[in-house]
Amino acid sequence: MHSTPGSKQRNKLNITVISLVIFICLCTSVFVVNVGVIAPVLVIAISCLIAMQISFIKEPTMAIWMLVFYVFTFGILGREVGGFPYGTLQEGILLLGWLTVIFTADRYEWKNLNNDFVWLLTVWLIVSILQLGNPAGASPQGWLQEIRAAALYPFLVVPLAFLLLKKNQDLNTFLYLIIGLSLLASFNGLKQQYIGLSPGEQRFLDEGGANTHLIWGKLRVFSFYSDAGQFGASQAHIALIALILALGPFKWWKRGLLLIASMIMIYGMLISGTRGALFALIIGLMLALVLSKKFKVMIVGGMVALAFIGFLKYTSIGDGNYQILRLRSALDPKEASLNVRLENQKILRTYLASRPFGGGLGVIGVWGEVYNKDKFLSTVQPDSYWVKVWAMYGIVGFILWFCIMMYILGKCCGIVWKTEDKVLRIKTMALTSGYAGILFCSYANEVINTAPSSFVVYISWVLVFISPKIEEELRNQQKNSLTQKLL
């Protein structure tokens, strides 16, 4: 067999890329010898990056799966090893993924990037870049830190996923990964609750985490995520996906395992003490009921949801249990923290009335406290990603962001509604409902901009968007299978 000119060129590019990566890494290794204790960690990281680049070239979808695995687990390194901003390695994996598709460009259908999702995220990135010139004068360093999660990650992840993901197997792999990794987080949360904390986890509390993670002497479990808020919301998100899948047309043992996984993650949500995560479940389930197209299921499901809300709001049953008591407080309009949030929003409304474009990226929240201490907005806690977008981008930017999010949600719902394959339909319904839950949960917490929930949402968008092509693939497989049987 003779190799084609395209394959020869691809092999040369692969060798060039690998050689370049190895050369850079060797030079870096020599340099870091003088760094000290961090040098061994950097050498290990560099070795991993070399191995990843090689594996990405051989199997490009590994870039997506490695990214998903890393965003769920890098908190372990940050707490137990420390000494390095491990969150920045998210960009490292994305960079290697993009280098792979650029240097092997002939493998991919670049026309797939010409879609409304990519264009909308490009517009949002441009708006975010223009915020650097916001007359409010926020620090460029704060802008640089904030733009990563606010606009850069979705801009990089979504197009990369459109290039690399295209098969039904990719959808299945994604679901296996996120459910498995979420269960791993659940078990670590149970360990924190019933066995104890690791040295790194205890250090997290000692260095200030106890202020928000020890309430009434009870631990708000955070597993290996950034905080209990992200842990609880992520657990609710993936529990919702598993629960919807458990109602799908699968073998009984698969449905049973999915139901068990969902219950474990719902318990993980409860021990996190994250009250806003309740709304991820409620909103997501309501949307799933509508998308199911089953009138009887909608009525029964709606009645069950209302009964559950009524149980929490109008009874005191279970108040002896801390998790139930805290969850019940989410529905109390007189709850102290809710009133604090509403007061903060009144203050922001007055301040932003004359600032339609907000105070700039990084002016509020964590980066506001670090880089914009001289700005008024840095003294106000957003407690909500919706509020944070409003404060940073102003009412103009918030309306644009909200319209983009709702457009994507509407587009995904339309795709699910038209899907005929029952198995594919339940999978895309689960991903769409999960996105809806996280979007509206972000009104109470910063969730949709934080790993792992943010990356799960971005890849979910892509998989739902390409599901019509996956459905066509499944139809062709069925036709081929039928043809073989007839022959």
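Without hydrogens or angle criteria, Asn372 side chain to Gly362 main chain gives a donor-acceptor distance under 3.5 Å. A donor-acceptor contact shorter than 3.5 Å links the side chain of Arg220 to the backbone of Ser272. The main-chain N or O of Ser453 is never found under 3.5 Å from a side-chain atom of His237 such that the two would form a donor-acceptor pair. In this structure, the side chain of Arg355 does not engage the main chain of Ala136 through any donor-acceptor pair within 3.5 Å. Side-chain N or O atoms of Thr379 include none that pairs as donor or acceptor with a backbone N or O of Lys375 at under 3.5 Å. The main-chain N or O of Leu197 is never found under 3.5 Å from a side-chain atom of Gln192 such that the two would form a donor-acceptor pair. No side-chain donor-acceptor contact under 3.5 Å links Gln193 to the backbone of Ile271.
For an aromatic pair to be called close, the ring centres must be under 6.0 Å apart, and Tyr153 with Phe455 satisfies this. Phe204 has its ring centre less than 6.0 Å from the ring centre of Phe222.
Judged as a salt bridge (charged side-chain N to carboxylate O under 4.0 Å, His left out), and not counting sequence neighbours, the contacts of Lys191 are Glu201. Scanning for side-chain hydrogen bond (donor to acceptor under 3.5 Å, both in side chains) contacts around Tyr108 gives Thr104, with sequence neighbours left out. Considering only residues two or more places apart in sequence or on other chains, Trp119 meets the side-chain hydrogen bond (donor to acceptor under 3.5 Å, both in side chains) condition with Asn114.
Atom CZ of Phe69 sits in a sparse spot, with 12 or fewer heavy atoms from other residues, nucleotides or ligands closer than 6.0 Å. In Tyr443, the OH atom is not crowded: 12 or fewer heavy atoms of neighbouring residues, nucleotides or ligands sit closer than 6.0 Å. No more than 12 heavy atoms of other residues, nucleotides or ligands shown are found within 6.0 angstrom of NZ on Lys166. Enclosure of atom CD in Glu472 is not indicated, since only 12 or fewer non-hydrogen atoms of other residues, nucleotides or ligands lie within 6.0 angstrom. Within a 6.0 Å radius of OH in Tyr458, more than 12 heavy atoms belonging to other residues, nucleotides or ligands are found.
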Can you check side chain to side chain contact (heavy atoms under 4.5 Å, CB included) on Tyr86 and Ile76, steps first, answer last? CA-CA 10 Å; Tyr86 293 96; Ile76 300 173; over 6 Å; no
Please report the C-alpha distance between Tyr371 and Ser378 in whole Å, then the side-chain angles of each, then the deciding distance to 0.1 Å, and finally whether the side-chain hydrogen bond (donor to acceptor under 3.5 Å, both in side chains) criterion is met. CA-CA 9 Å; Tyr371 297 110; Ser378 69; over 6 Å; no
Where do Trp461 and Tyr435 land on the ring-ring contact (aromatic ring centres under 6.0 Å, His included) test, with the steps shown first? CA-CA 8 Å; Trp461 292 346; Tyr435 162 49; 5.5 Å; yes
Please assess Phe465 against Phe162 for the test ring-ring contact (aromatic ring centres under 6.0 Å, His included), listing each intermediate value before the final yes or no. CA-CA 9 Å; Phe465 190 91; Phe162 269 118; 5.3 Å; yes
Yes or no on side chain to side chain contact (heavy atoms under 4.5 Å, CB included) for Trp124 and Phe155, after CA distance, side-chain angles and deciding distance? CA-CA 9 Å; Trp124 184 244; Phe155 177 76; over 6 Å; no
Working note: Leu219 + Leu205, criterion side chain to side chain contact (heavy atoms under 4.5 Å, CB included); need CA distance, chi angles, decisive distance, verdict. CA-CA 10 Å; Leu219 176 69; Leu205 293 182; 4.0 Å; yes
Hey, mind stepping through Asn172 and Lys167 against side-chain hydrogen bond (donor to acceptor under 3.5 Å, both in side chains) and telling me if it holds? CA-CA 9 Å; Asn172 292 336; Lys167 300 178 182 177; over 6 Å; no
Might you work through the side chain to side chain contact (heavy atoms under 4.5 Å, CB included) test for Phe74 and Leu89, ending with a clear yes or no? CA-CA 9 Å; Phe74 74 87; Leu89 290 182; over 6 Å; no
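Counting only heavy atoms from C-beta outward, the side chains of Ser223 and Phe187 never approach each other to under 4.5 Å. Taking 4.5 Å as the limit, every side-chain heavy atom of Val447 sits out of range of all side-chain heavy atoms of Tyr385. Looking at heavy atoms from C-beta onward, Pro382 lies in side-chain contact with Glu446 at the 4.5 angstrom threshold. Side-chain contact between Ile244 and Ser433 is present, with at least one heavy-atom pair separated by less than 4.5 Å. Annotation: side chain of Phe174 is in contact with side chain of Leu431 (closest heavy-atom distance under 4.5 Å). By the 4.5 Å heavy-atom criterion applied to side chains, Leu281 and Met269 are counted as neighbours. Taking 4.5 Å as the limit, every side-chain heavy atom of Thr274 sits out of range of all side-chain heavy atoms of Phe231. Two residues are said to be in side-chain contact when any heavy atoms from C-beta on lie closer than 4.5 Å; Ile126 and Val123 fail this criterion.
Heavy-atom minimum distance, Ala63 versus Ile93: O-CG2, 3.9 Å. Annotation for Ser234 and Phe72: closest pair OG-CE2, 4.4 Å, computed over non-hydrogen atoms. Between His213 and Ala228 the shortest heavy-atom distance is NE2-N, 2.9 Å. Here the shortest heavy-atom pairing between Val464 and Thr428 reads CG2-O, 3.9 Å. Listed here is the closest heavy atom pair of Met263 and Leu243: CE-CD1, 4.5 Å. For the residue pair Leu287 and Ala436, the shortest heavy atom distance occurs at CD2-CB, 3.5 Å.
Between the side chains of Asn134 and Gln131, at least one donor N or O sits under 3.5 Å from an acceptor N or O. Judged by distance alone, the side chains of Tyr225 and Thr450 never bring a donor and an acceptor atom under 3.5 Å apart. Of the N and O atoms on the side chains of Gln235 and Ser182, not one donor lies less than 3.5 Å from an acceptor on the other residue. Residues Asn112 and Lys469 bring a donor and an acceptor atom of their side chains to less than 3.5 Å of each other.
A parallel orientation is assigned to the rings of Phe398 and Phe402, their planes being inclined by less than 30° (bins at 30° and 60°).
Taking the charged nitrogens against the carboxylate oxygens, Glu146 and Lys388 do have a contact shorter than 4.0 Å, which makes a salt bridge. A salt bridge does not link Lys373 with Glu369: every distance from a Lys NZ or Arg NE/NH1/NH2 to an Asp or Glu carboxylate oxygen is 4.0 Å or more.
Rounding to the nearest 0.5 Å places CD1 of Ile364 at 5.5 Å from CG of Leu377. Taking CG from Leu164 and CZ from Phe56, the interatomic distance works out to 10.0 Å, rounded to the nearest 0.5 Å. Expressed to the nearest 0.5 Å, how far CD1 of Ile459 lies from CG of Leu177 amounts to 9.0 Å. With values rounded to the nearest 0.5 angstrom, Ile241 atom CD1 is found 10.5 Å from Ser262 atom OG.
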